[in-house]
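See structure below.
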Amino acid sequence: MALIPEQLRAPYNPNATEDRIYKLWEESGFFSPDTRPPWADNPETNPNCGKTFSMVLPPPNVTGTLHMGHAIMLAVEDSLVRFERMRGKKTLWLPGTDHAAIATASKVEADIYKKEKKTRHDLGREEFLRRVNAFAAESHDIILNQLKKMGSSLDWSREAYTLDDARTLAVRTAFKRMYDAGLIYRGHRIVNWDPRMQTTVSDDEIEWREEQAPFYYLKYGPFTIGTARPETKFGDKYVVMHPDDERYKEYEDGQKIALEWINGPITATIVKDDSVDPAFGTGVMTITPWHDAVDFDIAERHHLDKEPIIDAHGKLLPIAGEFAGMHIKKARPQIIEKLKAKGLLARVDEHYTHRVAQNSRGGETIEPQIKLQWFVNVSAKFKLKNSKLNGIPSGSEITLKELMRAAVQGGQIEILPDHFAKTYFHWIDNLRDWCISRQIWFGHRIPVYYCARKNKEACERPLVSIEPVERCPACGEAVEQDPDTLDTWFSSGLWTFSTLGWPAAENDMADYHPTTVLETGYDILFFWVARMILMTGFLLEDIPFRTVYLHGLVRDKDGRKMSKSLGNIIDPLDMIKKYGADATRMSLLVGNAPGQDLKLSEDKIRGYKHFANKVWNVTRFLLQYADADTGASSGADEYALNAAEGLSAEEKEMLDELRAAASDITENISAYQLHLACEKIYHYVWHTFADKILEASKPVLNGTDIASRTRRAETLLAMWRTCLALLHPFMPFITEELWSLLPHKNKRALLMVSRWPVR
RNA sequence: GGGCGCGUAGCUCAGCUGGUUAGAGCGUCGCAUUGACAUUGCGAAGGUCAGAGGUUCGAGUCCUCUCGCGCCCACCA
């Protein structure tokens, strides 16, 4: 009788299967590299015995739920891990979540304001943090569920969080070591200030928006200057022009001139500087060093005075005279009126477009300000003691910038696709010191303490400490911790090794570091990838990973970014519910070339649900013939690739073709060409195995020659086991389920830890 | 302003180091099919690989230029 199990009689139902299979995997313990099947620990049965494969999960932000961008990451990473696990490597894929400091804080803050009309200051630091942590915990649980739904074979025993105790130790240790090496400093620098969130924002978190605004030409003594921001001009007392500008050759650098300005007569100083573009406007400008980065640089070069004009909330300071206390947005038209009345307004260009900086986490217009902040110095030399970096011997002195460049340039880290290396170098070349302090409450508090009394000279210095400090070691008085928190990327920059236990004595570093591959979206190459290279380079004098695999962004079928406002979001969970996780994964893998954006439509996902059904039905078909009469039910657990004896010429040819496909697929995955591998196995299963081989086998299977029937049925079953194995990294659920329904001679093992068909 | 990428069948895209009549999915059009297949099979139409030039025995693939898109970076006051 045919051996068709009951569940195979109905069409494949992913919903009824996937959670059960995931639980089976999880309980098996094989997600952890510490649990391995016997064959994998035996060098005779496993040529990869002793080799490891390690990868961290880019920790999703605890700001809500996962989207298709996460799904693509999970599909790629899980496929890689499952492949390597089946190849017998000791395989670690390490999960975790990211507290995402400003993103999470601003979301919670906005929610609270919406519901209760309260700000974080109304709640106070403690209560606010309680709320954020509660939200983060809730978000974490949702995310974990989603990760599991996708089939991610993550080692949950090693789960980490960027804000947990172990990672806090890593962060404080990293800060202290960098501080002691002179790579972290505190200073007054111009920073991107968000007046609404009351915090600095890093250069990388700025979004530029085109804006049309009037451009005013103002009379400034004998000059005419152009500005889009008259409200910042109260303190302008330097007038700058290019040294070679013939029009202004009568003026000399340092020359003083008296002139009438907005609130009365002032003395201005001429400054000659190369950075002025003679072709722009009148070729003359005044500078506002406190509120403009270019002006700040000019002021630094010429040692000029800097004065604040606008306060932290966007209101004018007393220097603005009668406008003091007004918000800049309200003051601007009134200032223009006054300039006009005084005859200082030469003309107005109404059609001027320029770019305005906005905080990408919240959308408020950035007001540059000079603030006392903490920075990582990317251009200061430090000495490598025990370098594992190619081409940079121990004892050499190097800057973080040079180190970041060298790690990739020397080929020690490979970036895929390789053209992103150029983008990376370009970014490094333009890199400025990294502002790491944030004036928000959620995050790693800066591990620096100040003596409250400063009784003695020794109390003057800030105290940087890995352990929390309560009393000043010099005078015994209470200390105050720096109120700021660290940029979220400071902690995620440590992720590849903080998750392995660094700097604790007991850790996994020896086994799994450097990690084999880092898989992530190209949009965070700078934010994250570069910073991991920086942190690892300094703290471990090593690379964090050997290969960087960058996937593209998921777009809708028209190529638009998926966003709430466009209403074109495809929710991974919805798709899993409708079509199954396997189909969802396949739709994200096929056509997904590294670094290339992927257009996704529901039709595509539906297409792979059809494929899953095909796979299901092939099994049902084969099991019809796997009956007691043919003896095929006793089929060995071995794959078909090595069998050859006693086969017909036709069967040998079938096997040759499968062998070729399997070896191609293996090569493709090894070269991170998952899109090719996926398409190949898809094509082989459907259009070669099902359409051609099974069709051609029907006469044999239904024929009268028992020996031929049996042999063919056994061959096909063995080939099918091979197919399921090859398909497993991409479609783990259905293949595992079908594997369990096939007849097995030996004790049934999970497909997840069965040997890969190609050695 | 600097950098990067893309332009291949109606649509979405593969095509690695140049090598036979350029591929897949979806869609379209025929025919078959109660079939292992709710979601099937067989077949067909459809491409001067953006355009021009060059290297080569040979170019979708390498080089140069042009056109059209997209993205990233940058301190246009």
Side-chain angles (χ1 to χ4, degrees), chain A residues 2 4 8-12 190 203-204 206 208 215-217 225-229 232-233 236 240-241 275-277 279-288 292-298 352-355 357 368 417 419-432 522-523 525-526 552-553 555-561 579 583 586-587 590-604 606-625 664 667-668 671-673 675-676 678-680 682-683 686-687 690-692 694-695 698 701:
Chain A
I4 301 182
L8 256 183
R9 294 181 190 277
Y12 178 52
I190 191 145
D203 291 347
D204 300 307
I206 298 289
W208 295 88
F215 191 74
Y216 305 97
Y217 287 91
I225 58 155
T227 183
R229 304 204 55 196
T232 65
K233 299 277 139 193
D236 286 15
V240 193
M241 61 212 68
S275 67
V276 177
D277 177 5
F280 187 90
T282 56
V284 181
M285 66 178 190
T286 60
I287 57 166
T288 314
D292 187 286
V294 188
D295 297 359
F296 179 86
D297 287 347
I298 294 173
Y352 176 70
T353 49
H354 66 152
R355 283 147 40 98
H419 68 79
F420 275 105
K422 291 182 201 164
T423 314
Y424 172 80
F425 293 139
H426 189 252
W427 178 80
I428 290 175
D429 292 340
N430 293 307
L431 188 62
R432 310 212 284 180
Y522 66 72
D523 53 329
L525 178 62
F526 307 140
L553 273 41
R555 298 177 176 277
D556 73 2
K557 65 179 166 51
D558 301 316
R560 298 174 306 176
K561 250 184 173 170
Y579 307 108
M586 278 298 272
S587 72
V590 175
N592 174 16
Q596 227 54 46
D597 289 355
L598 183 77
K599 289 183 193 168
L600 183 70
S601 63
E602 202 171 323
D603 282 346
K604 187 174 179 188
R606 189 182 302 114
Y608 291 102
K609 163 134 200 193
H610 296 178
F611 179 58
N613 185 62
K614 190 73 185 179
V615 170
W616 188 257
N617 276 299
V618 166
T619 313
R620 176 154 64 178
F621 174 79
L622 286 175
L623 288 187
Q624 284 189 330
Y625 300 96
D664 273 2
E667 261 180 50
N668 287 152
Y672 298 99
Q673 305 268 41
H675 58 300
L676 299 182
C678 264
E679 213 172 312
K680 244 165 234 170
Y682 171 92
H683 195 253
W686 200 322
H687 301 299
D691 289 351
K692 299 207 170 73
L694 289 191
E695 289 305 322
K698 279 179 182 174
L701 292 168

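Order of the sequence lines sets the chain letters (A, B, ...), proteins ahead of strands, with each chain counted from 1.
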Would you mind classifying the nucleic acid contact of A:V276 as base, sugar-phosphate or nothing, using non-hydrogen atoms under 4.0 angstrom? base
To the nearest angstrom, how far is A:L694 atom CG from B:rG41 atom P? 12 Å
So, does A:K609 use its side chain to make a donor-acceptor pair with the main chain of A:A583 at under 3.5 Å? no
Using a 4.0 Å heavy-atom cut-off, does A:I225 contact any base of the nucleic acid, only the sugar-phosphate backbone, or nothing at all? nothing
According to a strict under-4.0 Å criterion, is A:W686 in side-chain N/O contact with OP1 or OP2 of B:rG41? yes
Would you mind classifying the nucleic acid contact of A:A690 as base, sugar-phosphate or nothing, using non-hydrogen atoms under 4.0 angstrom? base
Under 3.5 Å for both donor-acceptor distances, Watson-Crick or wobble: does B:rG43 have a partner, and if so which one? B:rC29
Using the ring of each side chain (for Trp, its six-membered ring), is A:Y352 parallel, tilted or perpendicular to A:H354, with breaks at 30° and 60°? tilted
Take atom P in B:rG27 and the same atom in B:rG41, then report the distance between them in whole Å. 12 Å
Provide the distance between the two P atoms, one in B:rA38 and one in B:rU21, to the nearest whole Å. 40 Å
Look at the side-chain N and O atoms of A:H683 and state whether any lies under 4.0 Å from the OP1 or OP2 oxygen of B:rG23. no
Between A:R432 and A:Y12, name the one whose nearest nucleotide on RNA chain B is closer to the 5' end. A:Y12
Under a 3.5 Å cut-off for both distances, is B:rA14 Watson-Crick or wobble paired, and to whom? none
For the pair made of CZ in A:F611 and P in B:rG41, what is the distance, rounded to whole Å? 12 Å
Distance, P atom - from B:rU39 to B:rU34, rounded to whole angstrom: 16 Å
Is the distance from OP1 or OP2 of B:rG25 to the nearest side-chain N or O of A:H687 less than 4.0 Å? yes
Spacing of A:Y522 atom OH relative to B:rC6 atom P, expressed in whole Å: 12 Å
B:rC65 pairs with, by Watson-Crick or G-U criteria that keep both distances under 3.5 Å: B:rG51
If you look at every strand shown and take non-hydrogen atoms under 4.0 Å, does A:K698 touch a base, only sugar-phosphate, or nothing? base
Gap between atoms CD and C1', on A:Q673 and B:rC16 respectively (whole Å): 6 Å
In whole Å, measure the gap between the C1' atoms of B:rA45 and B:rC29 for me. 7 Å
Phosphate-side-chain proximity, A:N613 and B:rA38, N/O vs OP1/OP2 below 4.0 Å: yes
Kindly assign one of parallel, tilted or perpendicular to the pair A:F280 and A:F215, based on the angle between their ring planes and the thresholds 30° and 60°. perpendicular
Roughly how many Å apart are B:rC65 and B:rG23, using the P atom of each and rounding to a whole number? 32 Å
Rounding to the closest angstrom, what is the interatomic distance between B:rA36 and B:rC42 at atom P? 15 Å
Which part of the nucleic acid, if any, lies within reach of A:Y608 when heavy atoms closer than 4.0 Å are counted: base, sugar-phosphate only, or nothing? nothing
Base, sugar-phosphate, or nothing for A:D277, non-hydrogen atoms under 4.0 angstrom? base
Tell me what A:K614 touches on the nucleic acid: a base, only sugar-phosphate, or nothing, going by heavy atoms under 4.0 Å. base
Sugar-phosphate, base or nothing in reach of A:R229, heavy atoms under 4.0 Å: nothing
